[in-house]
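The structure appears below as C-alpha cells.
Letters go in sequence order (proteins before strands), and every chain restarts at 1. Bear in mind that the values here come from a model prediction, so they are computed numbers and not experimental data.
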Amino acid sequence: MVEIRLTNTKTRRKEGFTPLDPSNVRLYLCGPTVYDRAHLGNARPVLVFDVLVGLLRHVYGADQVTYVRNFTDVDDKINAEAQRRKGLGSPLSLEDLISERTEETIGWYHADMDALGAARPDFEPRATQYIPQMITMIETLIARGNAYAKAGHVLFRVRSFDDYGKLSGRSVDDMIAGARVEVAPFKEDPMDFVLWKPSDDDLPGWDSPWGRGRPGWHIECSAMSAELLGDSFDIHGGGIDLQFPHHENEVAQSCCAHPHAGFANVWLHNEMLQVEGKKMSKSLGNFFTVRDLLDQGVPGEVIRFVMLSTHYRKPMDWTDVKRAEAEAVLRRWRGLTAGIEPAATPAPAVIAALADDLNTAGAIAALHELAGQGDGAGLLAGARMLGLLTDDLGGWAEAGDEAGALIEALLAARTDARKARDFARADAIRDGFATAGVEVKDTVAGAEWSLATGFDLARLKALVAEVGS
RNA sequence: GGUGGGUUGGCGGAGAGGUUACGCACCGGAUUGCAAAUCCGUGAAGACCGGUUCGAUUCCGGUACCCACCUCCA
C-alpha cells in the first residue's frame, strides 16, 4: 500500500499517515462563514482537501473515507447584513432575513466550488443545526472545571488546559505580553475565550442554561466533528490563519470535553493566497471572488490548475501570467487526450508525488513528462487524480457546432488556395484564424485546430465574409 | 515585542548530501511555399557569511531581506 506522508502542524514534521480505522478514514475541513461570496483564497483549502480526499479514496477505497466540511451560519457579519436589509425596509423578519442570506450564500458557494471541480463533502453540517450538541459540550466543560459562566457569557478557562498554545507554538504568557488580547471585565484571564454569549432581542438566539444567547465561533467545530466523526478522527484542516486562535481553541474544547480521546491526529494548514505578489485585500483593490474570475471567462479548470501548481504549504501567488500558462497547458493536454480512455491505474510517479505531502506541483511535473512521452492514457488517468481533464470541467475548451463548421470550411478553402499556389489568400485565412483566436496546426495528416485564448466567433464570421468559403 | 514560514536559472516552481527536476521564455537545428505547431539539441540556479563533510543549493549556526499569525479573515 502507498504510504502517504503529511506535514502535521501538531508535530511540525512530515509523518507517515496511519488512519485510526482504515475502513473509515475521517477528515474535517473548516468551511466558510456564509455571509458573502467565496473569495479566491477560500478556494485553496477546498481544492487541497479535494485532492487529499481523492488520494485517500484511491488508497483506502472510495467508500472508506468520510469527509466533513461545515458551514458557519451563526456569525455577526451575517447578522449585520440581515440588519442592513431590515434597515432598507425589508418586510421579512430578522430571522428570515438571516436564513435568506445564508441560503443564498450556500447556494453560491456550491455553484462556485462545483465550477472548480471540487466534489461535495459527505456531510456539510451547519452550526444552527447543532446548537443542542454545543450546549451539551459547554455544560460538560463547566462540569469539568474547564469553563465558567459569568454575566450571561460562558468562557473557556485557558489556564485549565496545560497544552493550550501547543498547536500554534505559543505560550499564554507570551501572548498576553503581546498585549493585543481583548480584556473584558468578566474574564478570569485575558486569554479566556467565549463559548457562549448573550443575544439581544434583535439578534438570533437560542435558549440555554445561561439564558438566551448564541455560541462562540470555535465550539461549533468541536461539537460537529464529535457528532459526525467521533471524539477522535484522522485529519483536520484549514488555512494557516485558523491555526490560532480557532484551531487552538478547538483543541482545548475537544480535548477537555473528551479527555480520553485525541481529537484530530493530523493537522493540515495551507498557506495564504497572494495576488500579483501582494496580499489580497479590499484596500489594495486586488480582492476578488471565485465568481468574479469565472465571470471574466477564466475557466474553473484553469483556476484549479493554477492553485495546484504551488505546494499547499507555500504562499500561492495568483498572477495573470500563470493563468495564461495554465490555460495553454490545459488546451494542449486536452488536445492530446481527446477521445482517449484513461489508463486503468494512475502513473506511479503521480501517486508518489501526491503521497509525499500532497506535492501537487510535483504531480503536475510528472504529468508534463507523460505528455512529453505522448502517453495520453497515462496523462488522463494522472490528471484525474488532480481533478483535471475531467469531462465536467472541459466545456470551456470546446468550440460550438457553428464555430466548428465555419473553421472546417475555412480550412478547406485554405487547402484549396495552397494547392492553387494562391499563397496570398492562404495566408489571409491563416492570419484571420490567429486574429479570431483559432490555433491551426498543420500536420502530415492534415490541419488540426483548437481554440486559443480570446476566441472570437464574430471575427470568425467576419473572416468568412471577407475571404468567402 | 512574541511565534511560525520563506529566499532556487529570464519567469514560474519541485525534489535530493555527490548523477537532467519539470513547465514557460530564449538560442541552434530539422520540418514548412513563408509561418504556426511539432521534433531534436544547447545554455542558464539555489540571498549573504561561517561550520560539519572527501563533497552542500540540500545538514548546522549566524546575518540580511520578505511574508504570515498574534484582531471570531481560508
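- Between the side chains of Trp396(A) and Glu301(A), a donor-acceptor pair is found at a separation under 3.5 Å.
- Around the CZ atom of Arg12(A), the shell of radius 6.0 Å holds more than 12 heavy atoms that belong to other residues, nucleotides or ligands.
- Of the candidate nucleotides A74(B), G13(B), C22(B), A74(B) has the atom lying nearest to any side-chain atom of Thr33(A).
- Nucleic acid contact for Gly41(A): base, since at least one base atom lies under 4.0 Å from a heavy atom of the residue.
- Under the 30°/60° scheme for interplanar angles, the aromatic rings of His236(A) and Tyr28(A) are found to be tilted.
- Checking Arg44(A) against Ala365(A), the closest nucleotide of RNA chain B that is more toward the 5' end is the one next to Ala365(A).
- Taking the side chain of Glu369(A) as heavy atoms from C-beta on, and the options C34(B), C22(B), A14(B), the nearest nucleotide is C22(B).
- Here G9(B) sits opposite no nucleotide as a Watson-Crick or G-U wobble pair (both hydrogen-bonding atom distances under 3.5 Å).
- Applying the 3.5 Å distance criterion, the base of G15(B) shares no donor-acceptor pair with the side chain of Asp357(A).
- Spacing between C60(B) and G17(B) at atom C1', rounded to whole Å, works out to 13 Å.
- A gap of 36 Å separates the C1' atoms of G41(B) and C59(B), to the nearest Å.
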For residues 366-387 of chain A, tabulate all N or O donor-acceptor pairs below 3.5 Å that involve a side-chain atom, not counting sequence neighbours.
from, atom 1, to, atom 2, distance (Å)
Asp375(A), OD1, Gly378(A), N, 2.8
Arg384(A), NE, Leu389(A), O, 3.1
Arg384(A), NH2, Leu389(A), O, 3.1

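- For the pair Asp200(A) and Arg212(A), the salt-bridge criterion is not met [side-chain N within less than 4.0 Å of a carboxylate O].
- Taking atom CZ of residue Phe244(A) and atom P of nucleotide U3(B), one finds them 14 Å apart after rounding to whole Å.
- Remark: G28(B) base-pairs with C40(B). Criterion, Watson-Crick or G-U wobble with two distances under 3.5 Å.
- OP1 or OP2 of G13(B) has not a single side-chain nitrogen or oxygen of Ser309(A) nearer than 4.0 Å.
- Looking at heavy-atom distances under 4.0 Å, Thr319(A) makes no contact with the nucleic acid at all.
- To the nearest angstrom, P of G4(B) lies 18 Å from NZ of Lys10(A).
- As judged by a 4.0 angstrom heavy-atom cut-off over every strand, Phe423(A) is placed among the base-contacting residues.
- Within 4.0 Å of Asp427(A), counting heavy atoms only, lies at least one base atom of the nucleic acid.
- A21(B) sits 12 Å from U42(B) when the P atoms are compared, rounded to a whole Å.
- Between G12(B) and Arg323(A), no contact under 4.0 Å exists linking OP1 or OP2 to a side-chain N or O.
- Within the 4.0 angstrom heavy-atom criterion, no nucleotide atom of any strand lies near Thr72(A).
- One N or O donor and one acceptor, one from the side chain of His39(A) and one from the base of A74(B), sit under 3.5 Å apart.
- In this structure, Leu367(A) reaches neither bases nor backbone, as no heavy-atom distance under 4.0 Å exists between it and the strands shown.
- Nearest-nucleotide assignment on RNA chain B puts the 5′-proximal partner with Ala426(A), out of Gly216(A) and Ala426(A).
- The partner of G17(B), taking Watson-Crick or G-U wobble pairs whose two distances both stay under 3.5 Å, does not exist in any strand shown.
- Distance noted for atom P between A47(B) and G15(B): 15 Å (whole Å).
- The residue Arg418(A) sits close to a base: some heavy atom pair falls under 4.0 Å.
- Checked against G33(B), A74(B), G15(B), the side chain of Arg421(A) finds its nearest nucleotide in G33(B).
- The distance between atom CD1 of Ile240(A) and atom C1' of G6(B), rounded to the nearest whole Å, is 13 Å.
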Item checked: salt bridge (Lys or Arg N to Asp or Glu O under 4.0 Å) assessment of Arg157(A) paired with Asp192(A) -> CA-CA 5 Å; Arg157(A) 184 177 281 127; Asp192(A) 289 350; 5.9 Å; no

Next item on the list: Could you walk me through whether Ser168(A) and Arg170(A) pass the side chain to side chain donor-acceptor pair (under 3.5 Å) test, one step at a time?
Entry: CA-CA 6 Å; Ser168(A) 52; Arg170(A) 325 160 180 240; 3.3 Å; yes

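- If you check every strand for non-hydrogen atoms under 4.0 Å, Asp442(A) touches a base.
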Next item on the list: Would you please test His153(A) and Phe193(A) for ring pair (Phe, Tyr, Trp, His ring centres under 6.0 Å) and show each step?
Entry: CA-CA 10 Å; His153(A) 292 70; Phe193(A) 59 90; over 10 Å; no

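- Close placement of the His269(A) and His247(A) rings is indicated, their centers lying within 6.0 Å of each other.
- Shown for residues 152-160 of chain A: no residue has heavy atoms falling under 4.0 angstrom of RNA chain B.
- When both distances must be under 3.5 Å, the Watson-Crick or G-U wobble mate of U57(B) does not exist.
- At whole-Å resolution of the value, CZ in Arg332(A) and C1' in A25(B) are 13 Å apart.
- Note on ring orientation: taking the six-membered ring where Trp is involved, the planes of Phe161(A) and Phe156(A) are perpendicular (angle over 60°, cut-offs 30° and 60°).
- Checking A14(B), A35(B), C24(B) against every side-chain atom of Arg430(A), the shortest atom distance belongs to A35(B).
- Judged purely by distance below 3.5 Å, without hydrogens or angles, the side chains of Asp357(A) and Thr7(A) pair a donor atom with an acceptor atom.
- Candidate nucleotides C22(B), G15(B), A74(B) were compared by shortest atom distance to the side chain of His368(A), and C22(B) ranks first.
- At a threshold of 4.0 angstrom between heavy atoms, the contacts of Asn270(A) include nucleobase atoms, whether or not backbone atoms are also involved.
- Judged purely by distance below 3.5 Å, without hydrogens or angles, the side chains of Glu271(A) and His311(A) never pair a donor atom with an acceptor atom.
- Using a 4.0 Å heavy-atom cutoff across all strands shown, Arg331(A) reaches no nucleic acid atom at all.
- Across the C1' atoms, C26(B) and G12(B) are found 15 Å apart, a figure rounded to whole Å.
- For Lys322(A), no side-chain nitrogen or oxygen approaches OP1 or OP2 of C11(B) to under 4.0 Å.
- In this structure, Gln373(A) atom CD and C22(B) atom P are separated by 12 Å, rounded to whole Å.
- The side chain of Lys314(A) places an N or O atom within less than 4.0 Å of a non-bridging phosphate oxygen (OP1 or OP2) of A14(B).
- Counting non-hydrogen atoms under 4.0 angstrom, His311(A) reaches the backbone sugars and phosphates but no base.
- Between the C1' atoms of G46(B) and A14(B), the separation comes to 12 Å (whole Å).
- The distance from atom NZ of Lys77(A) to atom C1' of C73(B) is 7 Å, rounded to the nearest whole Å.
- Of the P atoms belonging to U57(B) and G50(B), the separation is 13 Å, rounded to the nearest Å.
- The nucleotide C69(B) finds its pairing partner in G2(B), both defining distances of the Watson-Crick or G-U wobble pair being shorter than 3.5 Å.
- Of the listed nucleotides (G23(B), G13(B), A21(B)), G13(B) has the atom at the smallest distance from the side chain of Thr310(A).
- The side chain of Lys441(A) approaches A36(B) more closely than any other nucleotide in the set A36(B), A14(B), C22(B).
- As rounded to the nearest Å, G29(B) and C22(B) have P atoms that lie 23 Å from one another.
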